[in-house]
Colleague: 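Below is a structure I'd like to ask you about.
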Amino acid sequence: MKLNRIFKRKPAGVSDGGQFTIDQKAEPAVTLTSPDAEPHPYMLQDGDPTPYGSAMPYKIEAEGVQRFSTGYDDGDYVCLSEERNAMIPEEYRNENGFYADHGIYGRAKATELDVVMVTHPDAFHEDEVERARDLIAVRDAPQDIQEDLGEVQGRTSLARMKADRLREELKTLETAEKKWAASTLAAGTLEHFPGATKVSFLKYGDDQVGSIQVHSGDTMLGMMSAKLDGQVVGNGSEDGKKFLHTAMSTLEDVPDSWLHEQGATTSGLDASGERVISIDVNTALNKAAERIRDADPRRW
């Protein structure tokens, strides 16, 4: 069936807005008073039976349109009054006035609820109505376009799966890098500061790194410090300062316990949680060698 054919048709003589635009009626000259009317049938009560299970009504979208859910799933349902239901095109009309969103996530396919939204746009949010019109247009597209769309959606789904898998692999690698941050730092330190024997850095209570220093015995080879105004200062070669600046960021999310596993030591915490963590370069590199040997014993 051609859904968009239905909603694009505008018979001759019909006002702008198509056959589904509600006619504007003149106000009656006489106002009649009637007894209290019975509740409209679409006014569901909590627990009322519906074709989809017991109703959990939660919103009156507009006169004659009530949205509800059920306790069985998180589906989207509406109930229409007789007057509203009579306006649904006959080929899509459910005589009981109940409509559901039976679409499949990720698939561009119009549902009976989309037909309701396009028929009664005054009862739904503008974004919902626009989406419904788009889905109806796609659903009613020629077969070759449908096949092209299906292929694109398939590729998109595959790309999304690959991206999710890549993110998981990167997360695993990042965790491994952080777990052995001390040995990585020791190796990089020797590359930029030959003869280094120790790296120490100050960590605040929120785990931010305030400063880092590289020593050879009692001699300081380089340092980097972050000031309260955000300025970062240091000494040493340009490459050395860049290395230390990067190291400060890398060490921020590394738990102290992981550093201890690689031979690092921590000074006592002060009242604000600040502490100094020291990494003996040779000890950290020996720990890295043990890790490699344990991972692949055939290399030894």
Side-chain angles (χ1 to χ4, degrees), residues 1-11 14-141 153:
M1 299 180 181
K2 301 290 187 180
L3 291 176
N4 62 350
R5 171 181 58 78
I6 295 298
F7 296 105
K8 290 181 178 179
R9 183 174 60 200
K10 177 182 175 185
V14 176
S15 60
D16 193 27
Q19 62 175 340
F20 304 111
T21 301
I22 300 176
D23 293 337
Q24 301 296 320
K25 305 296 184 181
E27 294 293 331
V30 179
T31 301
L32 300 179
T33 302
S34 60
D36 292 340
E38 292 294 324
H40 290 292
Y42 73 88
M43 295 283 285
L44 294 171
Q45 303 299 317
D46 191 41
D48 282 353
T50 75
Y52 318 108
S54 299
M56 298 174 63
Y58 62 88
K59 188 176 183 182
I60 302 295
E61 293 286 359
E63 180 70 20
V65 180
Q66 184 176 40
R67 223 161 185 166
F68 68 94
S69 60
T70 71
Y72 299 98
D73 56 39
D74 57 355
D76 195 8
Y77 310 101
V78 296
C79 177
L80 303 182
S81 64
E82 290 186 8
E83 294 78 6
R84 289 274 191 175
N85 199 40
M87 298 175 67
I88 301 295
E90 184 175 359
E91 57 190 301
Y92 307 111
R93 185 186 309 147
N94 293 337
E95 294 304 322
N96 60 12
F98 288 94
Y99 296 86
D101 181 358
H102 291 307
I104 300 177
Y105 177 77
R107 180 177 300 176
K109 183 177 181 181
T111 70
E112 60 186 27
L113 185 55
D114 292 316
V115 176
V116 174
M117 289 180 180
V118 174
T119 305
H120 299 292
D122 63 302
F124 299 93
H125 192 277
E126 182 180 348
D127 291 343
E128 291 182 303
V129 177
E130 188 63 31
R131 177 178 178 276
R133 289 191 177 119
D134 290 342
L135 288 176
I136 287 173
V138 171
R139 173 63 181 86
D140 206 28
Q153 290 163 6

Colleague: How close do Thr50 and Thr70 get, heavy atom to heavy atom, and via which atoms?
Modeller: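 Heavy atoms of Thr50 and Thr70 come nearest at OG1-CG2, 4.5 Å.
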Colleague: How close do Arg93 and Ala86 get, counting heavy atoms only, and between which atoms?
Modeller: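 Minimum heavy-atom contact is NH2-O, 3.3 Å.
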Colleague: Under the side chain to side chain donor-acceptor pair (under 3.5 Å) rule, collect the residues that match up with Asn96, sequence neighbours excluded.
Modeller: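 For Asn96, no residue satisfies side chain to side chain donor-acceptor pair (under 3.5 Å) once neighbours in sequence are set aside.
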Colleague: Just how far is it from atom CD of Gln45 to atom CE of Met56, taken to the nearest 0.5 Å?
Modeller: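 If we round to the nearest 0.5 Å, Gln45:CD and Met56:CE are 14.0 Å apart.
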Colleague: Distance-only, no hydrogens or angles: does the Tyr99 side chain make a donor-acceptor pair with backbone N or O of Asn94 under 3.5 Å?
Modeller: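 Confirmed, Tyr99 side chain pairs with Asn94 backbone.
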Colleague: I need the minimum non-hydrogen distance between Asp46 and Ala55, along with the two atoms involved.
Modeller: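 For Asp46 versus Ala55, the nearest heavy atoms are OD1-O, 3.4 Å.
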Colleague: Given Asp114, which partner from the list Thr119, Val129, Leu135 fulfils the side-chain contact (heavy atoms from CB on, under 4.5 Å) test?
Modeller: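 With Asp114 as partner, Thr119, Val129, Leu135 yield a single side-chain contact (heavy atoms from CB on, under 4.5 Å), made by Leu135.
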Colleague: For the pair Leu80 and Met87, evaluate side chain to side chain contact (heavy atoms under 4.5 Å, CB included) and give the outcome as yes or no after the intermediate values.
Modeller: CA-CA 10 Å; Leu80 303 182; Met87 298 175 67; over 6 Å; no
Colleague: Search all heavy atoms of Pro121 against all heavy atoms of Arg133 and return the closest pair with its distance.
Modeller: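 Closest heavy-atom pair between Pro121 and Arg133: CB-NH2, 4.3 Å.
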Colleague: Within the side chain of Gln66, is there an N or O that forms a donor-acceptor pair under 3.5 Å with the backbone of Leu44?
Modeller: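 Yes.
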Colleague: Is a side-chain N or O of Arg84 found less than 3.5 angstrom from the main chain of Val116, in a donor-acceptor match?
Modeller: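 Pair absent, no side-chain N/O of Arg84 close to backbone of Val116.
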Colleague: Tell me, with the steps shown, if Phe68 and Asp48 meet side chain to side chain contact (heavy atoms under 4.5 Å, CB included).
Modeller: CA-CA 11 Å; Phe68 68 94; Asp48 282 353; over 6 Å; no
Colleague: Just how far is it from atom CE of Met117 to atom CG of Asp122, taken to the nearest 0.5 Å?
Modeller: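 Met117 CE to Asp122 CG: 12.5 Å, rounded to 0.5 Å.
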Colleague: Which atom pair, heavy atoms only, marks the closest approach of Val118 to Ala132?
Modeller: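 Val118 and Ala132 have their closest heavy atoms at CG2-CB, 3.9 Å.
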Colleague: Taking only residues two or more places apart in sequence or in another chain, which ones pass side chain to side chain contact (heavy atoms under 4.5 Å, CB included) with Asp127?
Modeller: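 Applying side chain to side chain contact (heavy atoms under 4.5 Å, CB included) to Asp127 gives His125.
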Colleague: Test of understanding: with salt bridge (charged side-chain N to carboxylate O under 4.0 Å, His left out), list the residues that count as partners of Asp76, not counting sequence neighbours.
Modeller: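 Here the qualifying residues are Arg67.
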Colleague: Name the orientation class of the two ring planes belonging to Tyr52 and Tyr77 (parallel below 30°, tilted from 30 to 60°, perpendicular beyond 60°).
Modeller: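 The rings of Tyr52 and Tyr77 lie parallel, inter-plane angle below 30°.
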